[in-house]
Amino acid sequence: MEERTLMQDICEVVQLANGSRLSDDFWGNAAHLLERLGRRLDLTPVQTMLFAVLIELSDDRKIVLKQLAEFLGCRKVELLNHAADFEELIRRQLIRRRRSGSAEPDTYRVPKMVLEALQAGKKFTPPPICGLTIDQFFVRLGEINQLHIPAGDVANGTRRRVATIN
């Protein structure tokens, strides 16, 4: 039997999770799949489910917990119960959170470079940031913020800014 791709497994998780209410039936039906995919991504079953659904909802837009709860068919408070799982996804740089003011809810998104790694069948591993030159640092910062800044432009721009400071 041919091994399934990461994206095939993610699609199946999304199908099972949609409207599931995170019921015991969902967890029972999805257990084997969540464990298999979780092993490949080094995530717990809950983290795997949350990550898969965030990928589904993340078409370069910001996702609020209410949207995630609506997709799953559960209450927002049930998702708040999994705050540690969200934090781990953020720590691993699989998702990003934008903290909003008190009147606006926090938003989440899946970075483009994470999606690209998954589409290529690879587990996402953040590139190291230690020991970078200033030019490499700004190129890396641009990648993190999903900007394209050619290395030469970074160096020239940095030199111009430093020259104006002096």
*Please name the pair of heavy atoms, one in Asp9 and one in Arg40, separated by the smallest distance, quoted to 0.1 Å.*
OD2-NH1, 3.6 Å
_Using 0.5 Å steps for rounding, measure from the CZ atom of Phe26 to the CE atom of Met49._
5.5 Å
*Does atom NZ of Lys123 have more than 12 heavy-atom neighbours, drawn from other residues, nucleotides or ligands, at distances under 6.0 Å?*
yes
*Do you know the tightest heavy-atom contact between Gln67 and Lys62?*
OE1-O, 3.5 Å
_Arg75, CZ: over 12 other non-hydrogen atoms inside 6.0 angstrom_ = no
*asked:* Checking side chain to side chain contact (heavy atoms under 4.5 Å, CB included) between Leu57 and each of Val64, Ile63, Val110, which is the one that passes?
replied: Ile63
*From CA spacing to verdict: side chain to side chain contact (heavy atoms under 4.5 Å, CB included), Glu56, Phe71*: CA-CA 10 Å; Glu56 171 67 16; Phe71 182 88; 4.1 Å; yes
*Indicate the atoms forming the closest heavy-atom contact of Glu78 with Cys74, along with that distance.*
OE2-CB, 3.4 Å
*asked:* So, applying side chain to side chain contact (heavy atoms under 4.5 Å, CB included) with Phe124, which one of Leu94, Leu6, Leu41 is it?
replied: Leu94
*Leu16 side, atom CG; Leu34 side, atom CG - distance, nearest 0.5 Å*: 8.0 Å
*asked:* As an exercise, state the distance from CZ of Phe51 to CD1 of Ile95, rounded to the nearest 0.5 Å.
replied: 8.5 Å
_Heavy-atom side-chain proximity of Arg98 to Arg109 below 4.5 angstrom_ = no
*Could you tell me which non-hydrogen atom of Thr48 sits nearest to which non-hydrogen atom of Gly38, and how far apart they are?*
OG1-CA, 3.3 Å
*Locate the shortest heavy-atom distance separating Gly73 from Arg21; write the atom from each residue and the value.*
O-CG, 3.0 Å
_Test item: Ser20 side-chain N/O and Ala17 main-chain N/O as donor-acceptor pair under 3.5 Å_ = yes
*Roughly how far, to the nearest 0.5 Å, is CD1 of Ile90 from CZ of Arg97?*
3.5 Å
_The test is side chain to side chain contact (heavy atoms under 4.5 Å, CB included); show your working for Phe86 and Leu68 and say whether it passes._
CA-CA 12 Å; Phe86 280 97; Leu68 189 57; 3.6 Å; yes
*asked:* Nearest 0.5 angstrom please: Leu37 CG to Glu12 CD, how far?
replied: 10.0 Å
_Arg92 side chain to Asp42 backbone, donor-acceptor under 3.5 Å_ = yes
_Side-chain donor or acceptor of Glu88 paired with backbone N/O of Asp85 under 3.5 Å_ = no
*Taking side chain as C-beta onward, heavy atoms only, is His82 less than 4.5 Å from Leu50?*
yes
*So do Val114 and Leu118 actually touch side chain to side chain, heavy atoms under 4.5 Å?*
yes
*Check whether any side-chain N or O of Asn18 sits under 3.5 Å from a backbone N or O of Val14 as a donor-acceptor pair, and report yes or no.*
no
*Measuring from Cys130:SG to Phe137:CZ, what's the distance to the nearest 0.5 Å?*
11.5 Å
*asked:* For Thr44, is there any backbone N or O sitting under 3.5 Å from a side-chain donor or acceptor partner on Gln47?
replied: yes
_Using every non-hydrogen atom in the two residues, find where Gln136 and Gly131 come nearest and quote the distance to one decimal._
OE1-O, 4.3 Å
